Structures are given as C-alpha cells and as structure tokens.
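One-based numbering along the sequence shown. Computed from a predicted model, the values in this text were never measured in an experiment.
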Amino acid sequence: MKILFLTLLSLYELNICCGFSNQNVQSKRKFERIKAEISSYKDVAKSIIDLVVNGKAQNRSYERLGLFVDTIGNRISGSENLKNAIAYMYKALQEDKLDRVYLEPVKVPHWERGEESAMLLEPKKKSLAILGLGGSIGTPTEGISAEVIVVSSFEELHNRSKEAKGKIVVYNEPFVNYGETVRYRGSGAVEAAKVGAVASLIRSVTPLSVYSPHTGWQWYENDVPKIPTACITVEDAQMMSRMASRGQKIVIQLKMGAVNHPDADSYNTVAEIVGSKYPEQVVIVSGHLDSWDVGQGAMDDGGGAFISWEALSLIKDLGLRPKRTVRLVLWTGEEQGGVGASQYYELHKKNISNIDLVMESDTGTFMPLGMQFSGKPEARAIMTEVMQLLQPINITNLYDYAEGTDISFWMQDGVPGASLFDDISKYFWFHHSQGDTMTVQDPVWMNLCAAVWTVVSYVVADMDEMLPR
C-alpha cells in the first residue's frame, strides 16, 4: 500500500512538473510570436519617424503649439482663456479631419488671484515678489501686517509653535526633489494655521531661481482655519532666513485679492481615429489643456497636449488605420488635482476592460530618453519590444512607473499606463512660473517626442491582442 501511495505521489508530482514545463514552453512560444509581430512594424515605425523628424510634419507640433499659446495665453481652470482654448482646439481638431471630435462636460474649480502684493516693512522696506497659491483665500482689503517667523521645516514650525501665534510663517525649506518639497506648498498654510499663524509664505518649489515665484495648488482642511498663502522667491526666503538668524525683527504687509468662485463648467476635449477591427477597444494618448495663470503654459502642459494631437495627425497622414481606436484626450482641471480626468474616469470606468493602454505626457517635451511604464511583467516585456522600434532615433529605454495625475485613476485599477520620460533637469526651473513660455520649447525635441508617442500608441493599438493586465 505504501509503495502504491509513493508511486501515485511520484506520478502526481511528475504531472505537475510537466504541466509547469508545458506552460512555460507555451508562454515562450507565444512571446516569440508577439516579438515577431512587433518586429513586423519596423517599416511603419520608420515611416512615422521619417515623417515627423525629417518630413513634411517636421516642427508641426512646435508650430501649432506656438500659434496656440501666442493666441490664447495661459489657461487657468474656470477662466475665459480656458474656455477660448477649448473652443480653439475643438475647431482645430475638426479642421484636421480626424474621425471623431467631441467635448465631454465636467465641473472644475474657479479661483482668481486678483491683485496681490507683499511689502517688507522691517528691518528695511522692500517689495517682495509673490504669487498667491491656488485656492487661497484673500486678505482683508487693508491687508495683513504682522511679524514673521522663519522656519525650514514642519518639524521646526511645531517645535516653535508658541512663537508662531499671530505671525506670518515664512517657509525656507530646501529643495530636495519635487515630490518631497512640494509638501510645503500643498500643506504649508494648514500647518501654519494649526499653530495660530495669520498667513503663510512658502519658498518656491524650484532648484533654480532668477527671482521668480512659482505658484501651484494648495489644500485647506475643513477643521483648520483658512489663512492666506502665497509663494515667494528663493532669494527672498533665504534673505529673511539670514535676517532671522541675526535676531532681526521682520515685519511684512501682505495683500491678496484672491476669490474662490463656485465651480465652473468646462470640458475634456476628445478626438479619435476609430479602430478598424475593435473600435470599442481604446489606446488613450493625452496631455492637459489647462495651465496656471502665469506664463503661457507652453511647457506645462502645452507640449504634452500637442504631441498627443500630433500622434493622431501622423497616423492619419500616413493613411494608417489601427485595429483599435486611438483616442486623444485633452484634460481640463489637471492643475487642481486631475479634476476633469476623475470625472472622465467615473463616466467611462464601466468600459475599463476595453481600455488597452493609457498614456500621458506631463513633464515637458524636452529631449526624450524613453518611456515609463506601469503594468504586469508580461505587458512590460511586450512594451520593451515595442520600444526597440525606435532604434532609428536611439530612444529605446523602458523605465519603471508611469506618471500622470490624469491617468492614475486607470492605472490604480490595473490598466497598463505609459508616460513620456524626457530630460527634466530644467523642468522645475520654469514650472508654474512666468518663465513657462515657448522659449522653453525646442522643435527638434518635440519632433522626437512625437515620434516616440506615435510609434508606441499606434503599434499597441494595432497588435492582434490587448496588453496583458
């Protein structure tokens, strides 16, 4: 009986091993077929690259973007400029003769900064450059005049909490990286209010300053008093830190005419090249159309929006018809935390099984270095092969972790995501500042970004099967 049991156990283990072995063989064979399929797109990829890098479409995305930002300007959520930008793009996409162009209504925050100023009264008189932070309340008409406490961290603020009551908190936090340092912009007012401060001024979140304040959204908490908040330049934050270290008394008068209006009507702008075989299955390419109310919003995120439009234009110009739909979405209300994108997700999540890949470009369109990707290992292996089609321009790297506020909702639910990975070494020099203009943009880089964006979106949309998830 014991011998029979051991024999049966051995046979069972053998079957299990053979099963795993067969599965591995089948998986390898399937992947080899997928590699061969991707390799068959080399000529198509080269045609796309040639058209945008050296052909008739060379510099087109750059020229389109320049005309747009020079005509419309910056486009903060809820503003007339954003309304004009959406109308402009709706017309331009229709004139580009794409298959479908439509608008999807959403509600977005509507905040206006109004007139604002800050004056150093002691130990000397000096005008301070400021930009109110999004969502901030205003000051009384006469402003707020108060003594200043300078801190370099939240920890220091709370350790000196008894000193902060009735004062203006100035944060002179060092720039470590954006993800870590932006906490001060987002929560600086709340933390200052918790210790009784009457206003907060945050050192701009940037590694380089030429006396340029950088704005951005901030968030209040319901159970914490709301106080006015603005960003100041790196130079002024450091100056006041030096003054404080000498024991000098610092007094500032702050005036802000900021107003929070009721949510405004807006739209996500959508255009499509409809798939030939599986039109209900979709690859999304995207950037956000809104911007801050300073500069031109050319870098953040005009470039990302316009290379996404360019992807559809290039596919159309070459007479290509992918099996799946390639959908351009120009998001609205991104700067307030992906407001338009979250409503898009709620509207379309019932079709999540048909969303093949979500792509967003929102870290500038500088020299592209590759793509970032989030998805299963099997999907990553496929995307690695797709990137090899970009060997003619030597941009073949696939990096971990796609980024993008607007596509994060989908990625959290398991949809594969991709984002442009470019050289962002100068991105935060201009981010959310008056410096975000067409001067930052480079036509050669935009051509290359558009080539990467188009090859990846087209090939994924045209493959026999959707990406694994």
Side-chain angles (χ1 to χ4, degrees), residues 76-79 82 106-114 116 130-139 144 151 153-155 157-158 161 164 168-173 175-206 213-232 237 254 256-264 266 288 290-294 300-301 331-343 345-346 362 403-409 412 428 431-433:
I76 193 170
S77 170
S79 67
L82 181 57
V106 295
K107 289 284 189 180
V108 295
H110 183 195
W111 175 82
E112 286 186 286
R113 73 173 57 255
E116 55 189 17
I130 67 167
L131 283 174
L133 294 177
S136 176
I137 63 169
T139 64
I144 294 173
V151 298
S153 67
F154 289 140
E155 182 181 10
L157 174 66
H158 292 295
S161 59
I168 295 173
V169 172
V170 168
Y171 291 95
N172 181 38
E173 78 288 351
F175 183 87
V176 180
N177 56 58
Y178 185 73
E180 182 172 341
T181 312
V182 77
R183 297 181 301 127
Y184 291 90
R185 190 191 76 202
S187 302
V190 166
E191 295 305 313
K194 286 178 181 177
V195 294
V198 295
S200 64
L201 298 173
I202 289 92
R203 169 174 157 170
S204 289
V205 184
T206 178
H214 295 237
T215 189
W217 199 257
Q218 61 85 40
W219 285 268
Y220 291 123
E221 292 180 6
N222 291 333
D223 57 346
V224 178
K226 296 179 180 179
I227 61 173
T229 184
C231 60
I232 57 175
L254 177 67
M256 292 176 60
V259 179
N260 284 283
H261 299 285
D263 285 354
S266 191
H288 65 87
D290 66 304
S291 73
W292 277 101
D293 57 343
V294 290
D300 183 17
D301 181 33
W331 312 106
T332 189
E334 186 277 342
E335 294 292 2
Q336 292 72 34
V339 177
S342 67
Q343 292 170 70
Y345 167 78
E346 291 298 327
D362 188 21
E403 298 178 3
T405 299
D406 301 300
I407 61 173
S408 62
F409 309 99
Q412 287 166 8
F428 292 107
H431 182 247
H432 295 185
S433 78

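Distance check, rounded to the nearest 0.5 Å: NE2 of His432 to CG of Asp293 gives 10.5 Å. With rounding to the nearest 0.5 angstrom, the CD1 atom of Ile130 is 11.0 Å from the CD1 atom of Ile202. Taken to the nearest 0.5 Å, the NZ atom of Lys194 stands 4.5 Å off from the CD atom of Glu221. Taken to the nearest 0.5 Å, the CG atom of Leu133 stands 7.5 Å off from the CH2 atom of Trp292. The OG atom of Ser291 sits 7.5 Å away from atom CG of Asp300, with the distance rounded to the nearest 0.5 Å.
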Full working for side chain to side chain contact (heavy atoms under 4.5 Å, CB included) between His158 and Val195: CA-CA 7 Å; His158 292 295; Val195 294; 3.8 Å; yes
Side chain to side chain contact (heavy atoms under 4.5 Å, CB included) between Leu254 and Leu201, intermediate numbers included: CA-CA 10 Å; Leu254 177 67; Leu201 298 173; 4.2 Å; yes
Checking side chain to side chain contact (heavy atoms under 4.5 Å, CB included) for the pair Val198/Ile168: CA distance, chi angles, key distance, verdict? CA-CA 6 Å; Val198 295; Ile168 295 173; 4.0 Å; yes
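Qualifying side-chain contact (heavy atoms from CB on, under 4.5 Å) partners for Asp290, counting only residues two or more places apart in sequence or in other chains: Leu82, His288, Glu334, Glu335, Gln336.
Proximity of Val106 to Ser266: side-chain heavy atoms (C-beta onward) are separated by under 4.5 Å at one or more points. Here the side chains of His214 and Val205 are not in contact, with every heavy-atom distance at 4.5 Å or above. The closest side-chain heavy-atom distance from Tyr184 to Ser153 is below 4.5 Å. Between Val339 and Asp263, every side-chain heavy-atom pair lies at or beyond the 4.5 Å cut-off.
Between Ala164 and Val169 the shortest heavy-atom distance is CB-CG2, 4.5 Å. Of all non-hydrogen atoms in Thr139 and Pro228, the two that sit nearest each other are CG2-CG, 3.7 Å. Between Ser200 and Tyr171, the closest heavy-atom pair is CB-CE1, 4.1 Å. Here the closest heavy-atom approach between residue Val190 and residue Tyr220 is recorded as CG2-CA, 3.7 Å. When all heavy atoms are compared, the tightest approach of Leu131 to Pro213 is CD1-O, 3.3 Å.
A donor-acceptor distance shorter than 3.5 angstrom exists from the side chain of Asn260 to the backbone of Gly135, with no hydrogens or angles considered. Glu346 places no side-chain N or O within donor-acceptor distance of the main-chain N or O of Ser342, the cut-off being under 3.5 Å. Formation of a donor-acceptor pair under 3.5 Å by the His261 side chain with backbone atoms of His110 is not found in this model. Of the possible polar contacts, none joining the Arg185 side chain to the Ser204 backbone as a donor-acceptor pair under 3.5 Å is found. Remark: side-chain polar atoms of Thr215 are paired, donor with acceptor, to backbone N or O of Gly132 under 3.5 angstrom.
Ring planes of Tyr178 and Phe428: parallel class, angle under 30° (limits at 30 and 60°).
Remark: the Thr229 side chain and the Ser136 side chain contain no N/O donor-acceptor pair separated by less than 3.5 Å.
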